Amino acid sequence: MADIFTGPEPRLGDLLVARPALSMHARDGLCFEGVPLNAIADQYGTPVWVYGAGSMRARFAALRDAFRQQDLPVHIHYAVKANDHLAILDIFRQAGAGADVVSLGEFLRAQRAKIAAQDIVYSGVGKASAEIEAALSQGVGQFNVESAEELEMISALATRLGSTASIVLRMNPDVNAGTHAKITTGLAENKFGIPAADVPALYARASTLPGIVIHGLALHIGSQILSPAPYAAAYSKAAEMVRALRAQGLEVMVLDLGGGIGIGYHDEPGMNLAAFAAMVKQTVGGLGVKLLLEPGRYLVGPAGLLLASVVLQKQAGKRFVVLDAAMNELMRPALYESWHGILPVDPALFYEPVSPGDVVGPVCESADCFAKDRELPSLPPGTRVAILDAGAYGAVMSSTYNARPRAASVLIDNGQVMLITPRQKPEDLWMDEILP
Ligand code: LLP
C-alpha cells in the first residue's frame, strides 16, 4: 500500500532478486517459473493473467511447515475471495487445504473444485437466509457468525431444516492492524464481528439455542499485515476470552485465526512466517484448541502476474506509458493506491536507462493508473510488461468496464502452460442482455 511502505523505490533488478519465480534471460527475456512471458503473450495475446502452480504449492508448503516447526497443527482454509479460479482451488485442495468462503457463489465454487462441504468455513457479515439454507443443506463445516441477529437467524433456519449448524463467533478484538484503512477489519468502528464485551453472553446463549452447536471463536483483523505485532494483540485478547468462557463453564474447542498475512509488494520481505508461527504458539498454542487459518493473498499474490503490451508512449508534459491492460483488469492501484512492481519483458530494455513515467490503461478515468512517476526504460509500442504480484485480488475484482472483454488466464505447471480462462469474445459481453 502506498501509505504504509516508506522505503525507497526499488530498482528493476531489486524487484527481480526479491522474486525467485521470476528470472531474466539474455535471449528469452523475462520468465515466470521458467516460461518466457513473450511466448505466452505470442500465443494467448495480452492482457493475460499468468499464474504459477509451483509458486502456489511452495507458498502453501512454507506456511504449513512454519507451523510444523512449532509443532503446532493448523488447518489452512484458503480464502477463496483472493482468487476463485477452479484451477487454483484445485491446487490448494490437492495440497490439503479447506476453503474460507463469503458467499454462496464461493461456497458452490469450492464444492465444484471438490472441496468437501465439511472443509468449508463460511464467513461474512451479511449471509442471506437463502445462502445459509443452501450451505446448511450441503453440510457446510462451520459458520463464522458475526452478530446476535445472525445467530438467531441460523438457529431458526437450522431448526426448520431439521439440521444442526456448527458455528463459531467472530469476535471484533478492536486492534489496529496497521494496514490500509480500506482493508482494516478488526477495529471497533468496522462493521465486522461482535464486540468483545458482548461475546460471553452471546456464546452462552448460542450454547442453549436449538439447531446450533457452538465450537469456538474466530477473528480476522485485516489484510496485508506485515508484522506479527497486531496479531499478537488480537490473539492475546482471544486467548483471554477463551479462558473467560471456560471459566463460565462453556466449552471452547476451535479458534479461527483469520487471514491477512502480508506479502512484499516492493522488495521488502513479506511476513516472517517463522516469527508469525512462533507468535501464534506463544499466544494461543497452550489453549488446546483446534486452530484454523484463512490466508488468501499470501498463498496466491506473488504466484500471479498480469502480462500487458504497450499501446503507445505519449509525451504530454510528462511521459505516459499506455498499456492494453487497465483498471478493469487490476483495480487495486485505483482503489487502494497500491503499488505493484512493473518489469519490461524484453531483455534489452531491462538494462536501458530509466526515466519517470506514468503507467496507465486506456479506460476513461484518471484513476486508471498502475503507477505514477515510475522509473522505467523507454517502452516502445508492442513491447510487453509484467505487472507483478497480481495473483490475489486481481482477476476476482476485475470487470468489463468500458466494454473491455475479460482477459484470458493461463496456468504454468511444471513448465507447461495451460489456458484456464479463454479471452472473452466481444459478443459475449452482451450475451446475457435482453433487448426488449
Ligand atoms: N478471512 C476473512 C474473514 C477475510 O475478510 C479475508 C479478506 C481473508 C480471510 C483473507 O485475507 P488475506 O489473507 O487475503 O489478506 N481486496 C483487498 C483485500 C481485501 C481483503 C478482504 N478480506 C486488496 O486487494 O488488498
Side-chain angles (χ1 to χ4, degrees), residues 74-81 98-104 106-107 120-128 131-132 135-136 140-155 157-158 165-177 179 183-207 209 212-223 225 230-231 233-245 250-261 280 283-284 287 289-296:
V74 289
H75 298 256
I76 299 178
H77 289 253
Y78 169 61
V80 171
K81 64 172 81 69
D100 162 57
V101 305
V102 288
S103 69
L104 184 58
E106 286 190 353
F107 179 79
I120 301 178
V121 169
Y122 200 138
S123 313
V125 73
K127 307 173 196 76
E131 296 187 293
I132 295 170
L136 257 180
V140 62
Q142 169 183 310
F143 285 112
N144 290 5
V145 172
E146 301 226 10
S147 63
E149 293 77 1
E150 187 183 64
L151 177 65
E152 303 296 331
M153 212 166 129
I154 295 178
S155 166
L157 287 166
S166 293
I167 69 150
V168 303
L169 293 185
R170 176 167 173 185
M171 156 179 159
N172 183 325
D174 194 19
V175 300
N176 189 342
T179 184
I183 51 174
T184 282
T185 52
L187 284 171
E189 69 196 50
N190 300 134
K191 68 179 173 183
F192 301 97
I194 298 158
D198 300 346
V199 167
L202 203 59
Y203 204 102
R205 170 148 180 81
S207 64
L209 279 178
I212 295 277
V213 182
I214 183 156
H215 293 291
L217 298 172
L219 324 84
H220 172 77
I221 59 173
S223 195
I225 302 169
Y231 283 110
Y235 296 167
S236 301
K237 288 191 181 186
E240 236 171 79
M241 184 65 74
V242 170
R243 288 190 273 269
L245 294 171
L250 298 162
E251 203 175 19
V252 186
M253 290 163 321
V254 172
L255 185 57
D256 181 338
L257 302 168
I261 302 173
V280 170
T283 49
V284 299
L287 292 173
V289 288
K290 173 180 168 187
L291 295 174
L292 270 52
L293 268 186
E294 301 171 354

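Quick caveat: nothing in here was measured; it's all calculated off a predicted structure.
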What is the minimum heavy-atom distance between V175 and A234, and which atoms define it? CG2-CB, 3.9 Å

Residue pair Y203 / M241, side-chain heavy-atom distance below 4.5 Å: no

Heavy-atom distance under 4.5 Å between the side chains of E152 and R205, does that happen here? yes

Name the one of V254, V289, L255, V168 that satisfies side chain to side chain contact (heavy atoms under 4.5 Å, CB included) with L217? L255

Find the distance between CD1 (I167) and OG (S155) and round it off to the nearest 0.5 Å. 9.0 Å

Look at the side chain of E131 and the backbone N and O of L104, then say whether any donor-acceptor pair between them is shorter than 3.5 Å. yes

NZ on K81 to OG on S223, rounded to 0.5 Å: 8.0 Å

Report yes if the side chains of I221 and N172 come closer than 4.5 Å at any heavy-atom pair, otherwise no. no

Checking the side chain of K237 only, and the main-chain atoms of P173 only, is there a donor and an acceptor separated by less than 3.5 Å? yes

Do I194 and M171 have side chains that get closer than 4.5 Å, going by heavy atoms? no

So L209 and L151, side-chain contact (heavy atoms from CB on, under 4.5 Å) or not? Walk me through it. CA-CA 9 Å; L209 279 178; L151 177 65; 3.6 Å; yes

Hey, could you give me the NZ/CD distance between K127 and E150, rounded to the nearest 0.5 Å? 3.0 Å

Kindly indicate whether the side chain of D174, heavy atoms from C-beta on, has any atom under 4.5 Å from the side chain of L187. yes

When every non-hydrogen atom of L202 is compared with those of S147, the smallest separation belongs to CD2-C, 4.2 Å

Any F107 side-chain heavy atom under 4.5 Å of V102 side chain: no

What's the spacing between I76 CD1 and L291 CG if we round to 0.5 Å? 11.5 Å

Find the distance between NE2 (H215) and CG (L169) and round it off to the nearest 0.5 Å. 11.5 Å

Heavy-atom pair of closest approach, residues P230 and I225: CG-CG2, 3.7 Å

Residue pair S236 / T283: nearest heavy atoms and the distance that separates them: OG-CG2, 3.6 Å

Distance-minimising heavy-atom pair for A165 and F143: CB-CD1, 4.1 Å

Backbone of G258 reached by a side-chain donor or acceptor of E294 within 3.5 Å: no

Heavy-atom side-chain contact between I154 and I212 under 4.5 Å: yes

Interatomic distance, N144 atom CG to L219 atom CG [nearest 0.5 angstrom]: 10.0 Å

Are side-chain heavy atoms of R170 and D256 found at a separation under 4.5 Å? no

Non-hydrogen atoms of V284 and A239 that approach each other most closely: CG1-CB, 4.3 Å

